[in-house]
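The first residue in the sequence is number 1, and the count goes up from there. If you're wondering where the values come from, they're calculated on a predicted model, not measured in any experiment.
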Amino acid sequence: VFDLLSSAETTGIFQLESAGMRRYIKELKPSSLNDIAAMVALYRPGPMQNIDRYIRAKHGLEPAHYPHPDLEEILRDTYGVIVYQEQVMLIAQTFAGYTLGEADTLRKAMGKKVAEVMRKERRRFVEGAIKKSFARTLAEEIFQLIEKFAMYAFNRAHAVSYAYVAYWTAYLKAHYPAEYMASVLSVFIDKADKRAPVVAECRRLGIKVLPPDINHSEARFSIETLEDGSPAIRFGLGAVKNVGISVINPILESRPAPGGFTSIEDFCRKTDLRRVGKRVVESLIQAGAFNSLGKQGALLNNLDRILAFSQREARLRETGQA
């Protein structure tokens, strides 16, 4: 999983697939869940400027820098970089004598950027630090530092929860790529623009994406086994333009198993196309879903006859005639 993340091939991976995040995750080469959580938390407007410092410190390219030695224990896990709201609270407790309840009030004030409250908290922080024998200039520097990050900071539980989901999705992609990518495509079943890069990623992974087929496709993207034993992804009928999931059920309910429809006549006899509609059938023909039952041109030219035949067969069934 960490090899996959370090390669930045993170299309379809929760939180880690944007261009900027892919660049940073490749440089970071995460080796733990904490690394993923820190990157998720840092990739935000305020903390983002410290991503490079975090990466260099992780790989030993520069030493971790702490604003003051007393803060090393709080910031050691993140190489001296303030990443989480809890760190802001602990700094206020350690450096300025806040209780954790008071530190949480400070955190909320910073997040909401209320000027009057922030002026009050600044005075309180500096005075508390002076009482603990820290210099005023140092106290003001540290307040400015935590203020800058608290505006955008995640709490650690939030970042770790995101990191867990990112890890799980990366695990599935690393170990079950065809199944996972089929699921990602199904998530975007009605968003063709978002499916395109996922299909490109499938090709990069060597996973064939098979065209829609009236006898093999399900409503969503599904897995098929090729003759050589490798898995492929079959295009879902519900993903065809102008179709959608809801209108596919009458076709799937009437499709014989095994084998499917044997001809266009068989399809018309068994499927009540009044429940499906002309536009849907036309779109499926144009997408090639009926290529196994006839030529597209012939089917499109005879679409009205096909629909009329199906409707006549449906009425005969309803009246019990043969």
Side-chain angles (χ1 to χ4, degrees), residues 2 5-6 15-16 20-21 23-100 102-104 106-111 113 118 121-122 124-126 128-164 166-167:
F2 288 117
L5 294 177
S6 297
Q15 287 287 307
L16 304 180
M21 182 63 90
R23 177 171 71 85
Y24 284 126
I25 207 77
K26 186 173 185 177
E27 293 176 2
L28 176 65
K29 297 191 179 347
S31 54
S32 70
L33 193 71
N34 282 335
D35 282 342
I36 303 173
M39 185 56 66
V40 167
L42 284 168
Y43 196 72
R44 294 169 66 75
M48 187 179 285
Q49 62 184 347
N50 276 307
I51 291 178
D52 287 332
R53 184 156 71 90
Y54 181 96
I55 291 172
R56 289 195 299 271
K58 171 183 167 56
H59 294 300
L61 300 177
E62 69 174 57
H65 172 73
Y66 302 100
H68 188 275
D70 286 7
L71 303 184
E72 181 175 351
E73 185 177 349
I74 297 170
L75 301 176
R76 186 183 297 119
D77 287 349
T78 54
Y79 309 104
V81 178
I82 300 173
V83 176
Y84 304 114
Q85 291 176 352
E86 290 87 345
Q87 290 174 316
V88 170
M89 293 167 62
L90 289 170
I91 289 171
Q93 182 189 39
T94 300
F95 205 78
Y98 280 61
T99 66
L100 284 178
E102 292 167 342
D104 193 44
L106 171 66
R107 175 193 65 78
K108 290 175 184 175
M110 287 178 168
K113 310 177 189 67
M118 286 305 301
E121 289 296 339
R122 179 188 289 270
R124 181 179 182 178
F125 184 93
V126 172
I130 291 171
K131 285 180 182 178
K132 297 194 76 173
S133 302
F134 294 107
R136 176 180 292 274
T137 53
L138 178 63
E140 290 176 345
E141 285 175 11
I142 290 179
F143 186 88
Q144 288 176 347
L145 184 65
I146 63 174
E147 181 180 21
K148 187 177 358 179
F149 290 103
M151 287 181 184
Y152 301 98
F154 273 6
N155 64 67
R156 189 166 194 146
H158 187 87
V160 171
S161 296
Y162 272 26
Y164 262 116
Y167 182 88

Which donor-acceptor pairs under 3.5 Å do side chains of residues 83-97 form with protein atoms, sequence neighbours excluded?
unit_1	atom_1	unit_2	atom_2	d
Tyr84	OH	Ala38	N	3.2
Gln85	OE1	Arg107	NH1	3.3
Gln85	NE2	Ala153	O	2.8
Glu86	OE1	Arg156	N	2.8
Glu86	OE2	Arg156	N	3.0
Gln87	OE1	Val83	N	2.7
Gln87	OE1	Tyr84	N	3.0
Gln87	NE2	Ile74	O	3.4
Gln87	NE2	Thr78	OG1	3.0
Thr94	OG1	Leu90	O	2.9

Quiz item: Distance from Leu106 atom CG to Met118 atom CE, nearest 0.5 Å?
Solution: 6.0 Å
Quiz item: Does any pair with a residue in residues 29-58 pass ring-ring contact (aromatic ring centres under 6.0 Å, His included), and if so which ones, sequence neighbours excluded?
Solution: Tyr54-Tyr79
Exercise. Sequence neighbours left out, what passes side chain to side chain contact (heavy atoms under 4.5 Å, CB included) with Glu73? Give chain and number order.
Key: Arg76
Exercise. With sequence neighbours excluded, tell me which residues meet salt bridge (charged side-chain N to carboxylate O under 4.0 Å, His left out) with Arg53.
Key: none
Quiz item: Sequence neighbours excluded, which residues qualify as ring pair (Phe, Tyr, Trp, His ring centres under 6.0 Å) partners of Phe2?
Solution: Tyr167
Exercise. Output every pair passing salt bridge (charged side-chain N to carboxylate O under 4.0 Å, His left out) with a member in residues 128-137, not counting sequence neighbours, ordered by first then second residue.
Key: none
Quiz prompt | Partners meeting salt bridge (charged side-chain N to carboxylate O under 4.0 Å, His left out) with Arg56 (sequence neighbours left out) | solution = Glu62
Quiz prompt | Side-chain (His59) to main-chain (Leu61) donor-acceptor, under 3.5 angstrom | solution = no
Exercise. Please report the closest heavy-atom contact between Leu16 and Met21, naming both atoms and the distance.
Key: CA-CG, 3.5 Å
Quiz item: For His158, which residues count as a ring pair (Phe, Tyr, Trp, His ring centres under 6.0 Å) partner, sequence neighbours excluded?
Solution: Phe154, Tyr162
Quiz item: Looking only at heavy atoms, what is the nearest atom pair of Ala37 and Ala159, with distance?
Solution: O-CB, 3.7 Å
Could you list the donor-acceptor pairs under 3.5 angstrom formed between side-chain atoms of residues 23-30 and any protein atom two or more places apart in sequence or on another chain?
unit_1	atom_1	unit_2	atom_2	d
Lys29	NZ	Lys26	O	3.2

Self-check item: Ala135: partners by side chain to side chain contact (heavy atoms under 4.5 Å, CB included), with sequence neighbours left out
Solution: Thr137, Leu138
Practice problem: Please identify each residue that fulfils salt bridge (charged side-chain N to carboxylate O under 4.0 Å, His left out) with Glu121, with sequence neighbours left out. | Solution: none
Quiz item: Given Ile146 and Phe125, is the side chain to side chain contact (heavy atoms under 4.5 Å, CB included) satisfied, shown in steps?
Solution: CA-CA 11 Å; Ile146 63 174; Phe125 184 93; 4.0 Å; yes
Practice problem: Could you pull out all residues at least two apart from Ser32 that satisfy side chain to side chain contact (heavy atoms under 4.5 Å, CB included)? | Solution: Asn34, Asp35
Exercise. Mind checking the CE-CE spacing from Met48 to Met39? Nearest 0.5 Å is all I need.
Key: 10.0 Å
Quiz item: Can you name the nearest heavy-atom pair linking Val126 to Ala139, along with the distance?
Solution: CA-CB, 4.1 Å
Quiz item: Do Pro67 and Leu75 have side-chain heavy atoms sitting under 4.5 Å apart?
Solution: yes
Quiz item: Out of curiosity, Asn50 CG to Leu145 CG, how far, rounded to the nearest 0.5 Å?
Solution: 8.0 Å
